[in-house]
Amino acid sequence: MMRTRPLKVALLGCGVVGSEVARIMTTHADDLTARIGAPVELAGVAVRRPSKVREGIDPALVTTDATALVKRGDIDVIVEVIGGIEPARTLITTAFEHGASVVSANKALLAQDGAALHAAAVEHGRDLYYEAAVAGAIPLIRPLRESLAGDKVNRVLGIVNGTTNFILDKMDSTGAGYQEALDEATALGYAEADPTADVEGFDAAAKAAILAGIAFHTRVRLDDVYREGMTEVTAADFASAKEMGCTIKLLAICERAADGGSVTARVHPAMIPLDHPLASVRGAYNAVFVEAEAAGQLMFYGPGAGGAPTASAVLGDLVAVCRNKLAESTGPGESAYTQLPVSPMGDVVTRYHISLDVADKPGVLAQVATVFAEHGVSIDTVRQSGKDGEASLVVVTHRAADAALTGTVDVLRGLDTVRGVASIMRVEGE
(Lines give C-alpha, C1' and ligand atoms only; values in the text may rest on other atoms or scores of the structure.)
Protein backbone atom coordinates (compact mmCIF):
# COMPACT_ATOMS: atom_id res chain seq x y z
CA MET A 1 0.00 0.00 0.00
CA MET A 2 1.36 3.39 -1.01
CA ARG A 3 2.16 5.75 1.85
CA THR A 4 0.81 9.25 1.25
CA ARG A 5 2.87 11.16 3.81
CA PRO A 6 6.06 12.23 2.05
CA LEU A 7 9.59 11.40 3.14
CA LYS A 8 11.43 14.65 3.68
CA VAL A 9 14.82 15.19 2.08
CA ALA A 10 17.26 18.03 2.80
CA LEU A 11 20.15 19.03 0.55
CA LEU A 12 23.46 20.22 1.95
CA GLY A 13 24.97 22.01 -1.03
CA CYS A 14 23.35 23.04 -4.27
CA GLY A 15 26.17 23.32 -6.76
CA VAL A 16 26.59 21.28 -9.93
CA VAL A 17 25.59 18.00 -8.28
CA GLY A 18 23.08 19.31 -5.75
CA SER A 19 21.13 21.28 -8.33
CA GLU A 20 20.89 18.15 -10.51
CA VAL A 21 19.64 16.12 -7.56
CA ALA A 22 16.92 18.72 -6.94
CA ARG A 23 15.98 18.78 -10.62
CA ILE A 24 15.67 15.01 -10.89
CA MET A 25 13.64 14.84 -7.67
CA THR A 26 11.19 17.28 -9.26
CA THR A 27 11.04 15.99 -12.83
CA HIS A 28 10.95 12.30 -11.84
CA ALA A 29 8.76 12.74 -8.77
CA ASP A 30 6.06 10.28 -9.89
CA ASP A 31 8.59 7.59 -10.80
CA LEU A 32 10.46 8.04 -7.54
CA THR A 33 7.20 7.76 -5.60
CA ALA A 34 6.34 4.52 -7.39
CA ARG A 35 9.79 3.04 -6.83
CA ILE A 36 10.05 4.01 -3.19
CA GLY A 37 6.47 3.43 -2.11
CA ALA A 38 6.01 6.97 -0.83
CA PRO A 39 6.47 10.47 -2.19
CA VAL A 40 9.70 12.34 -1.47
CA GLU A 41 9.68 16.02 -0.69
CA LEU A 42 12.57 18.48 -0.88
CA ALA A 43 12.22 20.09 2.54
CA GLY A 44 15.30 22.32 2.70
CA VAL A 45 18.46 23.36 0.88
CA ALA A 46 21.54 24.66 2.72
CA VAL A 47 23.83 26.91 0.67
CA ARG A 48 26.55 29.50 1.21
CA ARG A 49 25.16 32.11 -1.22
CA PRO A 50 21.39 32.37 -0.79
CA SER A 51 21.04 35.24 -3.29
CA LYS A 52 22.01 33.04 -6.23
CA VAL A 53 19.06 32.11 -8.46
CA ARG A 54 18.47 28.35 -8.43
CA GLU A 55 16.07 27.34 -11.15
CA GLY A 56 13.30 25.01 -10.02
CA ILE A 57 13.99 25.44 -6.29
CA ASP A 58 11.55 27.36 -4.11
CA PRO A 59 13.56 30.22 -2.52
CA ALA A 60 11.66 29.61 0.71
CA LEU A 61 13.52 26.28 1.06
CA VAL A 62 16.95 27.90 0.88
CA THR A 63 18.92 28.58 4.07
CA THR A 64 22.47 29.36 5.09
CA ASP A 65 22.01 27.61 8.44
CA ALA A 66 22.91 24.02 7.63
CA THR A 67 23.13 23.09 11.31
CA ALA A 68 19.57 24.17 11.99
CA LEU A 69 18.40 22.26 8.93
CA VAL A 70 19.91 18.93 10.04
CA LYS A 71 18.62 19.48 13.59
CA ARG A 72 15.01 19.98 12.55
CA GLY A 73 14.03 16.46 13.56
CA ASP A 74 11.48 15.95 10.76
CA ILE A 75 14.07 15.29 8.02
CA ASP A 76 14.24 11.66 6.89
CA VAL A 77 17.29 11.83 4.61
CA ILE A 78 20.15 14.30 4.34
CA VAL A 79 21.95 14.48 0.98
CA GLU A 80 25.46 15.87 1.59
CA VAL A 81 27.20 17.24 -1.51
CA ILE A 82 29.23 20.10 -0.05
CA GLY A 83 32.49 18.14 0.10
CA GLY A 84 35.50 18.70 2.33
CA ILE A 85 36.05 17.58 5.90
CA GLU A 86 34.34 20.28 7.95
CA PRO A 87 31.58 21.26 8.36
CA ALA A 88 30.47 18.12 6.48
CA ARG A 89 31.64 15.70 9.19
CA THR A 90 29.82 17.52 11.99
CA LEU A 91 26.69 17.99 9.90
CA ILE A 92 26.52 14.28 9.06
CA THR A 93 26.93 13.12 12.65
CA THR A 94 24.41 15.73 13.77
CA ALA A 95 21.97 14.44 11.17
CA PHE A 96 22.29 10.92 12.59
CA GLU A 97 21.65 12.23 16.10
CA HIS A 98 18.45 13.95 14.95
CA GLY A 99 16.91 11.02 13.12
CA ALA A 100 18.10 11.36 9.53
CA SER A 101 19.95 8.89 7.35
CA VAL A 102 22.64 10.27 5.05
CA VAL A 103 23.53 9.99 1.38
CA SER A 104 26.95 11.49 0.66
CA ALA A 105 29.28 12.05 -2.29
CA ASN A 106 32.15 13.13 -0.03
CA LYS A 107 35.12 10.92 -0.93
CA ALA A 108 37.68 12.92 1.07
CA LEU A 109 35.68 12.67 4.29
CA LEU A 110 34.84 9.00 3.84
CA ALA A 111 38.47 8.12 3.08
CA GLN A 112 39.63 9.94 6.20
CA ASP A 113 36.86 9.26 8.71
CA GLY A 114 34.69 6.53 7.20
CA ALA A 115 35.01 4.24 10.22
CA ALA A 116 33.82 6.92 12.65
CA LEU A 117 30.93 7.90 10.40
CA HIS A 118 29.82 4.27 10.05
CA ALA A 119 30.01 3.85 13.82
CA ALA A 120 27.84 6.94 14.32
CA ALA A 121 25.30 5.64 11.81
CA VAL A 122 25.10 2.29 13.62
CA GLU A 123 24.84 3.96 17.02
CA HIS A 124 21.76 5.88 15.93
CA GLY A 125 20.27 3.20 13.66
CA ARG A 126 20.70 5.19 10.46
CA ASP A 127 21.94 4.53 6.94
CA LEU A 128 25.13 5.92 5.40
CA TYR A 129 25.25 5.45 1.62
CA TYR A 130 27.89 6.91 -0.70
CA GLU A 131 27.81 5.38 -4.18
CA ALA A 132 28.51 8.82 -5.68
CA ALA A 133 31.81 9.16 -3.79
CA VAL A 134 33.63 6.92 -6.28
CA ALA A 135 33.42 6.95 -10.09
CA GLY A 136 30.32 9.11 -10.52
CA ALA A 137 27.46 7.29 -12.20
CA ILE A 138 29.23 3.92 -12.36
CA PRO A 139 27.58 1.38 -10.02
CA LEU A 140 30.62 0.17 -8.11
CA ILE A 141 30.29 0.44 -4.34
CA ARG A 142 26.99 -1.44 -4.20
CA PRO A 143 28.24 -4.33 -6.40
CA LEU A 144 31.34 -4.61 -4.21
CA ARG A 145 29.55 -4.61 -0.88
CA GLU A 146 26.37 -6.44 -1.94
CA SER A 147 26.62 -8.33 -5.26
CA LEU A 148 30.12 -9.64 -4.46
CA ALA A 149 29.52 -10.03 -0.71
CA GLY A 150 29.71 -13.82 -1.05
CA ASP A 151 32.89 -13.78 -3.12
CA LYS A 152 36.54 -13.01 -2.37
CA VAL A 153 37.86 -9.95 -4.19
CA ASN A 154 41.61 -10.08 -4.75
CA ARG A 155 42.27 -7.00 -6.85
CA VAL A 156 40.68 -3.71 -7.87
CA LEU A 157 42.45 -1.85 -10.67
CA GLY A 158 40.97 1.28 -12.13
CA ILE A 159 40.90 4.70 -13.71
CA VAL A 160 38.92 6.73 -11.19
CA ASN A 161 39.68 10.33 -12.19
CA GLY A 162 38.34 11.74 -15.45
CA THR A 163 40.60 14.79 -15.54
CA THR A 164 43.82 12.81 -15.46
CA ASN A 165 42.53 10.28 -17.95
CA PHE A 166 41.61 13.08 -20.37
CA ILE A 167 45.09 14.60 -20.08
CA LEU A 168 46.93 11.29 -20.52
CA ASP A 169 44.66 10.24 -23.38
CA LYS A 170 45.37 13.54 -25.14
CA MET A 171 49.12 13.10 -24.66
CA ASP A 172 48.86 9.57 -26.05
CA SER A 173 46.69 10.34 -29.07
CA THR A 174 48.22 13.66 -30.17
CA GLY A 175 51.77 13.62 -28.84
CA ALA A 176 51.04 16.72 -26.76
CA GLY A 177 53.11 17.55 -23.71
CA TYR A 178 51.65 17.53 -20.21
CA GLN A 179 51.10 21.29 -19.94
CA GLU A 180 49.49 21.52 -23.37
CA ALA A 181 47.08 18.69 -22.54
CA LEU A 182 46.30 20.24 -19.14
CA ASP A 183 45.55 23.60 -20.77
CA GLU A 184 43.06 21.92 -23.12
CA ALA A 185 41.43 20.05 -20.22
CA THR A 186 41.06 23.35 -18.36
CA ALA A 187 39.59 25.11 -21.38
CA LEU A 188 37.01 22.34 -21.82
CA GLY A 189 36.04 22.38 -18.15
CA TYR A 190 37.52 18.97 -17.31
CA ALA A 191 40.20 20.45 -15.04
CA GLU A 192 39.73 22.88 -12.17
CA ALA A 193 41.57 26.20 -12.06
CA ASP A 194 43.75 24.49 -9.43
CA PRO A 195 44.08 20.90 -10.69
CA THR A 196 46.34 19.72 -7.86
CA ALA A 197 43.86 17.31 -6.29
CA ASP A 198 43.46 15.54 -9.62
CA VAL A 199 46.91 15.57 -11.21
CA GLU A 200 48.79 14.83 -7.98
CA GLY A 201 46.54 11.85 -7.29
CA PHE A 202 44.81 13.04 -4.09
CA ASP A 203 41.32 12.53 -5.55
CA ALA A 204 42.14 9.04 -6.81
CA ALA A 205 43.83 8.11 -3.52
CA ALA A 206 40.68 8.92 -1.54
CA LYS A 207 38.67 6.71 -3.88
CA ALA A 208 41.26 3.94 -3.61
CA ALA A 209 40.96 4.00 0.19
CA ILE A 210 37.18 3.60 -0.03
CA LEU A 211 37.38 0.81 -2.63
CA ALA A 212 40.06 -1.13 -0.76
CA GLY A 213 38.11 -0.98 2.50
CA ILE A 214 34.95 -2.32 0.88
CA ALA A 215 36.64 -4.90 -1.36
CA PHE A 216 38.80 -6.44 1.36
CA HIS A 217 36.50 -5.94 4.39
CA THR A 218 39.14 -3.99 6.27
CA ARG A 219 39.79 -0.40 7.22
CA VAL A 220 41.94 1.57 4.80
CA ARG A 221 42.39 5.29 5.38
CA LEU A 222 43.68 7.92 3.00
CA ASP A 223 47.02 7.96 4.82
CA ASP A 224 47.44 4.26 4.02
CA VAL A 225 47.37 4.87 0.25
CA TYR A 226 50.64 5.37 -1.59
CA ARG A 227 50.22 8.34 -3.92
CA GLU A 228 52.23 9.53 -6.88
CA GLY A 229 51.02 12.20 -9.31
CA MET A 230 51.32 12.33 -13.09
CA THR A 231 52.87 15.76 -13.64
CA GLU A 232 56.24 14.24 -14.54
CA VAL A 233 54.87 12.02 -17.33
CA THR A 234 56.34 13.12 -20.66
CA ALA A 235 55.84 12.58 -24.36
CA ALA A 236 59.04 10.49 -24.25
CA ASP A 237 57.39 8.18 -21.70
CA PHE A 238 54.50 7.64 -24.12
CA ALA A 239 56.95 6.91 -26.92
CA SER A 240 58.63 4.29 -24.74
CA ALA A 241 55.25 2.84 -23.80
CA LYS A 242 54.27 2.50 -27.46
CA GLU A 243 57.50 0.65 -28.19
CA MET A 244 56.41 -1.86 -25.54
CA GLY A 245 52.85 -2.11 -26.89
CA CYS A 246 51.53 -0.12 -23.94
CA THR A 247 49.90 3.16 -23.00
CA ILE A 248 50.04 5.13 -19.74
CA LYS A 249 47.19 5.62 -17.27
CA LEU A 250 46.94 7.00 -13.74
CA LEU A 251 45.74 3.93 -11.87
CA ALA A 252 44.23 3.22 -8.49
CA ILE A 253 45.36 -0.27 -7.51
CA CYS A 254 44.08 -2.17 -4.48
CA GLU A 255 45.41 -5.70 -3.92
CA ARG A 256 45.18 -8.52 -1.45
CA ALA A 257 48.57 -10.14 -0.77
CA ALA A 258 49.11 -13.60 -2.23
CA ASP A 259 49.12 -15.11 1.27
CA GLY A 260 45.95 -13.21 2.16
CA GLY A 261 47.58 -11.64 5.20
CA SER A 262 47.66 -8.00 4.12
CA VAL A 263 46.48 -5.53 1.50
CA THR A 264 48.00 -2.66 -0.44
CA ALA A 265 46.46 0.47 -1.93
CA ARG A 266 48.29 2.80 -4.29
CA VAL A 267 47.81 5.45 -6.96
CA HIS A 268 50.42 6.20 -9.59
CA PRO A 269 51.00 6.40 -13.37
CA ALA A 270 51.65 3.05 -14.97
CA MET A 271 52.16 1.48 -18.36
CA ILE A 272 49.46 -1.03 -19.28
CA PRO A 273 49.33 -3.26 -22.38
CA LEU A 274 47.17 -2.01 -25.23
CA ASP A 275 45.12 -5.22 -25.11
CA HIS A 276 44.09 -4.61 -21.48
CA PRO A 277 40.48 -3.36 -21.20
CA LEU A 278 41.58 -0.24 -19.32
CA ALA A 279 43.86 0.83 -22.17
CA SER A 280 40.86 1.67 -24.34
CA VAL A 281 39.22 3.98 -21.78
CA ARG A 282 39.35 7.37 -23.47
CA GLY A 283 38.65 10.98 -22.64
CA ALA A 284 37.22 11.80 -19.22
CA TYR A 285 35.66 8.36 -18.70
CA ASN A 286 36.35 6.09 -15.72
CA ALA A 287 36.62 2.32 -15.56
CA VAL A 288 37.36 -0.13 -12.78
CA PHE A 289 38.54 -3.71 -13.26
CA VAL A 290 37.66 -6.11 -10.42
CA GLU A 291 39.18 -9.56 -10.00
CA ALA A 292 37.31 -11.98 -7.72
CA GLU A 293 37.83 -15.68 -7.07
CA ALA A 294 34.42 -16.95 -8.17
CA ALA A 295 33.16 -14.14 -10.41
CA GLY A 296 36.45 -13.81 -12.27
CA GLN A 297 37.21 -10.53 -14.02
CA LEU A 298 34.58 -7.80 -14.07
CA MET A 299 34.79 -4.32 -15.58
CA PHE A 300 32.68 -1.29 -14.66
CA TYR A 301 32.77 1.60 -17.14
CA GLY A 302 31.10 4.96 -17.58
CA PRO A 303 31.21 8.71 -16.88
CA GLY A 304 33.02 9.25 -13.62
CA ALA A 305 32.08 12.84 -12.87
CA GLY A 306 29.72 15.65 -13.79
CA GLY A 307 26.47 16.92 -12.35
CA ALA A 308 23.97 14.55 -13.96
CA PRO A 309 26.05 11.34 -13.73
CA THR A 310 26.93 11.94 -10.07
CA ALA A 311 23.34 12.92 -9.28
CA SER A 312 22.24 9.60 -10.78
CA ALA A 313 24.31 7.75 -8.18
CA VAL A 314 23.00 10.02 -5.41
CA LEU A 315 19.38 9.34 -6.42
CA GLY A 316 20.01 5.61 -6.52
CA ASP A 317 21.19 5.79 -2.92
CA LEU A 318 18.28 8.04 -2.01
CA VAL A 319 15.78 5.48 -3.29
CA ALA A 320 17.50 2.69 -1.34
CA VAL A 321 17.66 4.69 1.89
CA CYS A 322 14.03 5.78 1.59
CA ARG A 323 12.94 2.18 1.06
CA ASN A 324 14.87 1.19 4.18
CA LYS A 325 13.19 4.01 6.06
CA LEU A 326 9.75 2.73 5.12
CA ALA A 327 10.71 -0.81 6.10
CA GLU A 328 12.14 0.50 9.39
CA SER A 329 15.43 -1.15 8.60
CA THR A 330 18.92 -0.19 7.51
CA GLY A 331 21.10 -1.40 4.68
CA PRO A 332 24.62 -2.83 4.81
CA GLY A 333 27.09 -0.83 6.85
CA GLU A 334 30.82 -1.10 7.30
CA SER A 335 32.36 -4.55 6.96
CA ALA A 336 35.84 -4.54 8.49
CA TYR A 337 35.97 -7.94 10.12
CA THR A 338 39.22 -9.05 8.43
CA GLN A 339 41.28 -6.30 10.11
CA LEU A 340 44.04 -6.81 7.54
CA PRO A 341 47.12 -4.60 7.83
CA VAL A 342 48.02 -2.31 4.92
CA SER A 343 51.52 -3.11 3.66
CA PRO A 344 53.91 -0.30 2.74
CA MET A 345 54.73 0.51 -0.85
CA GLY A 346 58.17 -1.06 -0.46
CA ASP A 347 56.55 -4.49 -0.27
CA VAL A 348 54.63 -4.08 -3.53
CA VAL A 349 55.85 -6.33 -6.34
CA THR A 350 55.48 -5.26 -9.95
CA ARG A 351 57.43 -4.72 -13.18
CA TYR A 352 59.37 -1.54 -13.93
CA HIS A 353 60.42 0.47 -16.97
CA ILE A 354 63.53 2.56 -16.20
CA SER A 355 65.06 5.04 -18.62
CA LEU A 356 68.66 6.09 -17.90
CA ASP A 357 70.90 8.71 -19.49
CA VAL A 358 74.38 7.14 -19.58
CA ALA A 359 77.82 7.62 -21.05
CA ASP A 360 78.16 5.99 -24.46
CA LYS A 361 81.22 3.85 -23.86
CA PRO A 362 82.09 0.16 -23.41
CA GLY A 363 81.18 -1.52 -20.13
CA VAL A 364 78.31 0.74 -19.14
CA LEU A 365 75.64 -1.87 -19.77
CA ALA A 366 77.56 -4.49 -17.79
CA GLN A 367 78.01 -2.04 -14.90
CA VAL A 368 74.30 -1.21 -14.82
CA ALA A 369 73.31 -4.88 -15.07
CA THR A 370 75.59 -5.71 -12.13
CA VAL A 371 73.80 -3.17 -9.91
CA PHE A 372 70.44 -4.70 -10.77
CA ALA A 373 71.75 -8.19 -10.02
CA GLU A 374 73.25 -7.13 -6.68
CA HIS A 375 69.81 -5.92 -5.56
CA GLY A 376 68.01 -9.05 -6.72
CA VAL A 377 66.17 -7.29 -9.54
CA SER A 378 65.98 -9.47 -12.65
CA ILE A 379 66.17 -7.72 -16.03
CA ASP A 380 63.71 -8.72 -18.74
CA THR A 381 64.86 -6.54 -21.66
CA VAL A 382 67.42 -3.81 -22.34
CA ARG A 383 67.52 -1.28 -25.17
CA GLN A 384 70.46 1.08 -25.73
CA SER A 385 70.87 3.88 -28.23
CA GLY A 386 73.15 6.88 -28.45
CA LYS A 387 75.94 8.82 -30.12
CA ASP A 388 78.56 11.51 -29.46
CA GLY A 389 79.39 10.13 -26.05
CA GLU A 390 75.84 10.14 -24.68
CA ALA A 391 73.32 7.31 -24.68
CA SER A 392 69.88 6.28 -23.49
CA LEU A 393 69.51 2.96 -21.74
CA VAL A 394 66.02 1.54 -21.23
CA VAL A 395 65.67 -1.37 -18.80
CA VAL A 396 62.47 -3.36 -18.29
CA THR A 397 62.54 -5.65 -15.26
CA HIS A 398 60.77 -8.79 -14.28
CA ARG A 399 58.57 -8.43 -11.19
CA ALA A 400 60.43 -6.98 -8.24
CA ALA A 401 59.66 -5.40 -4.87
CA ASP A 402 59.46 -1.62 -4.87
CA ALA A 403 62.07 -1.41 -2.09
CA ALA A 404 64.55 -3.45 -4.15
CA LEU A 405 64.00 -1.26 -7.20
CA THR A 406 64.39 1.91 -5.11
CA GLY A 407 67.72 0.64 -3.75
CA THR A 408 68.87 -0.20 -7.26
CA VAL A 409 68.09 3.25 -8.58
CA ASP A 410 69.79 4.95 -5.63
CA VAL A 411 73.03 3.14 -6.46
CA LEU A 412 72.67 3.84 -10.19
CA ARG A 413 72.40 7.56 -9.50
CA GLY A 414 75.83 7.43 -7.87
CA LEU A 415 77.63 5.85 -10.83
CA ASP A 416 79.94 8.11 -12.82
CA THR A 417 78.65 6.58 -16.04
CA VAL A 418 74.99 7.33 -15.26
CA ARG A 419 74.19 10.96 -16.12
CA GLY A 420 70.65 10.76 -14.77
CA VAL A 421 67.45 8.77 -14.36
CA ALA A 422 65.08 10.10 -17.00
CA SER A 423 62.02 8.21 -15.80
CA ILE A 424 60.77 5.28 -13.75
CA MET A 425 57.40 3.80 -14.65
CA ARG A 426 55.64 0.79 -13.24
CA VAL A 427 54.15 -1.75 -15.65
CA GLU A 428 50.75 -3.13 -14.62
CA GLY A 429 47.92 -5.22 -16.01
CA GLU A 430 49.96 -8.11 -17.36
Side-chain angles (χ1 to χ4, degrees), residues 13-21 23-24 81-84 105-108 111 131-140 157-208 210-211 225 227-235 237-238 241 247-253 267-272 276-289 299-314:
C14 196
V16 173
V17 176
S19 59
E20 278 295 311
V21 170
R23 182 189 66 79
I24 295 172
V81 287
I82 57 177
N106 195 332
K107 53 188 171 288
E131 184 68 63
V134 180
I138 305 172
L140 184 58
L157 172 76
I159 298 164
V160 295
N161 183 278
T163 299
T164 55
N165 199 58
F166 178 90
I167 293 170
L168 293 173
D169 182 40
K170 186 61 62 174
M171 292 175 70
D172 185 28
S173 60
T174 68
Y178 166 76
Q179 189 60 51
E180 182 183 352
L182 172 59
D183 290 344
E184 182 172 349
T186 303
L188 293 173
Y190 291 125
E192 301 287 345
D194 180 2
T196 303
D198 294 323
V199 300
E200 293 294 354
F202 291 100
D203 175 86
K207 296 170 181 176
I210 295 169
L211 291 175
V225 181
R227 178 194 55 79
E228 185 180 315
M230 48 156 280
T231 58
E232 301 301 317
V233 176
T234 66
D237 291 326
F238 274 101
T247 188
I248 298 171
K249 299 291 186 181
L250 184 75
L251 298 178
I253 305 170
V267 169
H268 54 71
M271 295 181 179
I272 59 172
H276 192 282
L278 292 178
S280 61
V281 178
R282 313 306 294 264
Y285 275 73
N286 285 191
V288 176
F289 205 68
M299 182 165 162
F300 301 84
Y301 169 85
T310 305
S312 171
V314 170

Do [X] and [Y] have side chains that approach each other closer than 4.5 Å (heavy atoms only, starting at C-beta)?
X    : Y    : answer
L140 : L211 : yes
Y178 : V233 : no
E200 : T231 : yes
V281 : M299 : yes
V267 : F202 : no
L157 : L278 : yes

Closest approach of [X] to [Y] (non-hydrogen atoms, all atoms of both residues):
X    : Y    : answer
A208 : A252 : CB-CB, 4.1 Å
V81  : G18  : CG2-CA, 3.9 Å
A270 : L251 : CB-CD1, 3.9 Å
V17  : G306 : CG2-O, 4.5 Å
I159 : K249 : CD1-CD, 3.8 Å
V225 : A205 : CG2-O, 3.7 Å

Suppose we screen for salt bridge (charged side-chain N to carboxylate O under 4.0 Å, His left out). Which residues come up paired with R227, at least two apart in sequence or across chains? none
Would you please test E20 and T310 for side chain to side chain contact (heavy atoms under 4.5 Å, CB included) and show each step? CA-CA 9 Å; E20 278 295 311; T310 305; over 6 Å; no
To the closest 0.5 Å, what do you measure between [atom1] ([X]) and [atom2] ([Y])?
X    : Y    : atom1 : atom2 : value
I138 : S312 : CD1   : OG    : 11.0 Å
L168 : F238 : CG    : CZ    : 4.5 Å
I24  : S19  : CD1   : OG    : 9.5 Å
D203 : T196 : CG    : OG1   : 12.0 Å
E192 : D198 : CD    : CG    : 7.0 Å
L188 : D183 : CG    : CG    : 11.0 Å

Do K170 and L182 pass the side chain to side chain contact (heavy atoms under 4.5 Å, CB included) test, and can you show the C-alpha distance, the side-chain angles, and the key distance before you say yes or no? CA-CA 9 Å; K170 186 61 62 174; L182 172 59; over 6 Å; no
Is the backbone of A133 close enough, under 3.5 Å, to the side chain of N106 for a donor and an acceptor to pair up by distance? no
Counting only N and O atoms by type, is there a donor-acceptor contact under 3.5 Å from the side chain of N165 to the main-chain atoms of G283? yes
Side chain to side chain contact (heavy atoms under 4.5 Å, CB included) assessment of M230 paired with N161: CA-CA 12 Å; M230 48 156 280; N161 183 278; over 6 Å; no
Would T247 and I272 count as a side chain to side chain contact (heavy atoms under 4.5 Å, CB included) if you check the C-alpha gap in whole Å, the side-chain angles of each, and the deciding distance to 0.1 Å? CA-CA 6 Å; T247 188; I272 59 172; 4.1 Å; yes
Please enumerate all residues that pass ring pair (Phe, Tyr, Trp, His ring centres under 6.0 Å) together with Y285, with sequence neighbours excluded. Y301
Pair D237-T234, side-chain donor/acceptor within less than 3.5 Å: yes
